[in-house]
Amino acid sequence: MKAFVFFINGSYESVISTNQRQAEKDMCDKCIAAFATSVLADKFAEMMNKSIK
């Protein structure tokens with residue numbers, strides 16, 4: 001499993017999926033970043049959310 005970050009409704013959210021194409025299909029959007037672990041994706045999303053506030 002990999003983790004992908006999407007910009008959804010004004011905030012960054014991490015999503016876990018088997019592959020990028022499936023994640024993008026499920027979210028109906030293009031991912032902005034991909035990570036090997038959900039921990040890294042969560043930290044990235046948290047950092048990006050803090051930067052936009």
Side-chain angles (χ1 to χ4, degrees):
M1 298 289 255
K2 291 185 179 181
F4 304 95
V5 177
F6 293 86
F7 188 68
I8 302 168
N9 296 327
S11 70
Y12 293 88
E13 303 290 335
S14 63
V15 174
I16 298 172
S17 184
T18 54
N19 64 60
Q20 182 176 345
R21 180 171 283 166
Q22 185 62 46
E24 290 175 342
K25 183 178 176 185
D26 293 343
M27 301 304 291
C28 299
D29 201 359
K30 294 284 185 185
C31 80
I32 60 164
F35 296 91
T37 67
S38 61
V39 173
L40 292 173
D42 289 342
K43 290 289 184 185
F44 178 80
E46 181 182 329
M47 178 187 69
M48 293 301 288
N49 283 326
K50 285 181 180 179
S51 72
I52 61 173
K53 292 184 179 180

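Count residues from 1 along the sequence. Bear in mind the structure is a predicted one, so any value in this text is a computation, not a measurement.
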For residues Ile16 and Ser38, report the shortest heavy-atom separation together with the two atoms involved. CD1-CB, 3.7 Å

Can you check whether Ser17's main-chain N or O pairs, donor with acceptor, with Gln22's side chain at less than 3.5 Å? no

Would you give the length of the straight line joining atom SG of Cys31 to atom CZ of Arg21, rounded to the nearest 0.5 angstrom? 12.0 Å

Reported OG1-to-NZ distance for the pair Thr37 and Lys43, which is rounded to 0.5 angstrom: 11.0 Å

Measure the shortest side-chain to side-chain distance between Phe35 and Lys2 over non-hydrogen atoms and say whether it is less than 4.5 angstrom. no

For residues 7-15, tabulate all N or O donor-acceptor pairs below 3.5 Å that involve a side-chain atom, not counting sequence neighbours.
from  : atom 1 : to    : atom 2 : distance (Å)
Ser11 : OG     : Glu13 : OE2    : 2.9
Ser14 : OG     : Asp42 : OD1    : 2.4

Sorted by chain and residue number, the side-chain contact (heavy atoms from CB on, under 4.5 Å) partners of Asp29 (sequence neighbours excluded) come out as Phe6

Going only through I, L, V, M, F, W and Y residues with side-chain contacts under 4.5 Å, is there a path from Val39 to Met1? no

